[in-house]
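Index from 1, following the sequence. Everything numeric here is computed off the predicted structure, so don't read it as measured data.
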Amino acid sequence: MQKRLSQLQSLREIDTAIVSTFDDKFVLRVLLDQFCKQLGMDAAVIWKPDANNNHFVAAQSAGLADAEVEGWYLDANASLAGQSLRENAVLEIGDGAQESAWLHSIGYCCGYAAPMIARGAPLGTVEVFSREGIEPDGDWYSTFETLSRQGAVALSTLGMFKDLQAKNIALVDAYNATIEGWARALDLRDHETRGHSLRVSEMTVDLARYMGVPESELEHIRRGALLHDIGKMGIPDSILFKPGLLDENEWEIMRQHPVHAYQLLSPIDYLRPALEIPYSHHERWDGTGYPLGLKGEEIPLSARIFSVVDIWDALISDRPYQAAWEEQKIREYIQELSGKQLDPKVVKAFFEMLDQMEQQKGK
């Protein structure tokens, strides 16, 4: 009864490792420790086939020094590991197997191999070794098979997670590339601001990080900064590119571009967390902004951060209608807007960040 309970506990520990983390080394270490514990063996190693299925390489070992398995591989045809996987059977390592000479050279007198197969897919082989020798019975073989099947589930789960993770990374990269493409298209449409979106997105993220915004939120801030003017797609070209001053009716239409951004982006679940900047970057600290007339800290922090960076980039860059300002003049101008259009705390942090950047350049 104690033996059965111990075996069940081992299976439970393996299950817990599988569902609690996707760290390969941790899961395989738990797995190998249970092989040694339940089978009374001194060492164990998991072999996984290479891309061509011609060789097995050591995925991880227990009870063996790294030097004893590092860089070593098994031939899929000459090794017992390969035979065990092909025949789907637990086998004892005999003198004719490739592993035999290696085992004796490092002080082990016997070893056994079991296949690791999950959902019909051959994933590898686990081998266990003993220094003193054992006399395995039917229960021992049954336990070895049970543990090897559970180990195969672990390998399969890890493989599926890695595949899902790779696909997710590719999907996120595609999303980000699309967003950056939109930003470049907007900048190309407005020849006066070419490159503006990429510049302000980088600096907005830098300032947000400097102010202690959690890393988990920075990607949403970056996307929001890239898409801050996407609502202008809903503004007629006759107004957007009008050479002269806009009249009051035209300004009323122009002030709708944050609303257009909200209407465009809010149905997209992936971009909803990035809405704060496109929707609120024209709100003002004193409450005189648009579209909602938010005041003070009612304005999302990301939008308050972006507003400072947006003004800085607009004035430090050459425009067809205006040469770039000197940095000191821009600082004085932004300071004048502090407490009116801009959040004083953000302005203070922005200047501190600029000073640190200049000091680093000086070094």
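- In the model, H281 has no side-chain atom that pairs as donor or acceptor with a side-chain atom of D310 under 3.5 Å.
- Taking the side chain as every heavy atom from C-beta outward, S266 and L275 approach each other to under 4.5 Å.
- Smallest separation of non-hydrogen atoms from A225 and I277: N-CD1, 3.8 Å.
- Residues passing the ring-ring contact (aromatic ring centres under 6.0 Å, His included) test with F351: none are found, sequence neighbours excluded.
- Under the 3.5 Å distance criterion, with hydrogens and angles disregarded, no donor-acceptor pair is assigned to the side chains of Q38 and T143.
- Grouping the Ile, Leu, Val, Met, Phe, Trp and Tyr side chains by contacts below 4.5 angstrom, directly or via other members, places V45 with Y108.
- Other residues, nucleotides and ligands place more than 12 heavy atoms under 6.0 Å from the CD atom of Q356.
- Here E250 pairs with K242 under the salt bridge (Lys or Arg N to Asp or Glu O under 4.0 Å) rule; sequence neighbours left out.
- Atom CE of M116 is separated from atom OG of S148 by 7.0 Å, given to the nearest 0.5 angstrom.
- A chain of hydrophobic side-chain contacts below 4.5 Å, direct or via other Ile, Leu, Val, Met, Phe, Trp or Tyr residues, connects L85 to I93.
- Clustering ILVMFWY residues whenever any of their side-chain heavy atoms sit less than 4.5 angstrom apart, transitively, puts L294 in a cluster other than the one holding Y290.
- With hydrogens and angles disregarded, no donor-acceptor distance shorter than 3.5 Å links the side chain of S201 to the backbone of L226.
- Every residue meeting the ring-ring contact (aromatic ring centres under 6.0 Å, His included) condition with Y270, not counting sequence neighbours, appears here in chain and number order: Y175.
- Looking only at side-chain heavy atoms (C-beta outward), S197 and D229 stay at 4.5 Å or farther from each other.
- E298 has no carboxylate O lying under 4.0 Å from a charged side-chain N of K295, or vice versa, which leaves the two without a salt bridge.
- Taking the side-chain contact (heavy atoms from CB on, under 4.5 Å) definition, one finds that P214 meets it with S216, E217, sequence neighbours left out.
- Qualifying side chain to side chain donor-acceptor pair (under 3.5 Å) partners for E283, counting only residues two or more places apart in sequence or in other chains: none.
- Here the side chain of S84 pairs a donor or acceptor atom with the backbone of A89 at under 3.5 angstrom.
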Candidate pair E248 and R255, rule salt bridge (charged side-chain N to carboxylate O under 4.0 Å, His left out), full reasoning: CA-CA 10 Å; E248 187 56 36; R255 292 190 188 101; 3.5 Å; yes
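- Not one N or O on the side chain of R223 forms a donor-acceptor pair closer than 3.5 Å with the backbone of P273.
- Closest of all the heavy-atom pairs between I134 and G40 is CG2-O, 4.3 Å.
- In terms of heavy-atom proximity, C36 sits nearest to D42 at SG-C, 4.3 Å.
- Checked against side chain to side chain donor-acceptor pair (under 3.5 Å), E99 has no partners two or more places apart in sequence or in another chain.
- Considering only heavy atoms from C-beta on, T204 stays 4.5 Å or farther from R222 through its side chain.
- Taking 4.5 Å as the limit, every side-chain heavy atom of D33 sits out of range of all side-chain heavy atoms of K37.
- Partner H282 forms a side chain to side chain donor-acceptor pair (under 3.5 Å) with one of Q341, H228, H257 and no other, that one being H257.
- In plain terms, the two heavy atoms of A118 and A152 that are nearest each other are CB-O, 3.6 Å.
- The shortest distance between side-chain heavy atoms of V57 and W47 does not fall below 4.5 Å.
- Applying the salt bridge (charged side-chain N to carboxylate O under 4.0 Å, His left out) test to every pair with at least one member in residues 115-134, sequence neighbours left out, gives no pairs at all.
- Taking all atoms of both residues into account, the shortest heavy-atom contact from S100 to G94 is CB-O, 3.3 Å.
- The shortest heavy-atom contact between L31 and I46 is CD2-CD1, 3.6 Å.
- Scanning for salt bridge (Lys or Arg N to Asp or Glu O under 4.0 Å) contacts around E327 gives R331, with sequence neighbours left out.
- In the hydrophobic cluster analysis, where Ile, Leu, Val, Met, Phe, Trp and Tyr join through side-chain heavy atoms closer than 4.5 angstrom, L80 is grouped together with I106.
- Applying the salt bridge (Lys or Arg N to Asp or Glu O under 4.0 Å) criterion to R209, with sequence neighbours excluded, gives D206, E215.
- Both V346 and F306 are part of a single hydrophobic cluster, where members link through side-chain heavy atoms under 4.5 Å apart.
- Looking only at side-chain heavy atoms (C-beta outward), L123 and S156 come within less than 4.5 Å of each other.
- The shortest distance between side-chain heavy atoms of I311 and L342 falls below 4.5 Å.
- Judged purely by atom type and a 3.5 angstrom limit, D50 uses its side chain to pair as donor or acceptor with the backbone of N54.
- At least one donor-acceptor pair under 3.5 Å links the side chain of Q98 to the backbone N or O of D75.
- Counting heavy atoms of neighbouring residues, nucleotides and ligands inside a 6.0 Å radius, atom CD of E297 does not exceed 12 of them.
- Between S79 and F56 the shortest side-chain heavy-atom distance falls below 4.5 Å.
- With respect to the salt-bridge test (charged N to carboxylate O, under 4.0 angstrom), the residues K340 and D286 do not qualify.
- In this structure K348 satisfies the salt bridge (Lys or Arg N to Asp or Glu O under 4.0 Å) test together with E352, sequence neighbours excluded.
- Residues satisfying the ring-ring contact (aromatic ring centres under 6.0 Å, His included) criterion with Y279, sequence neighbours excluded, are Y262.
- F144 is linked by a ring-ring contact (aromatic ring centres under 6.0 Å, His included) to F35, W140, counting only residues two or more places apart in sequence or in another chain.
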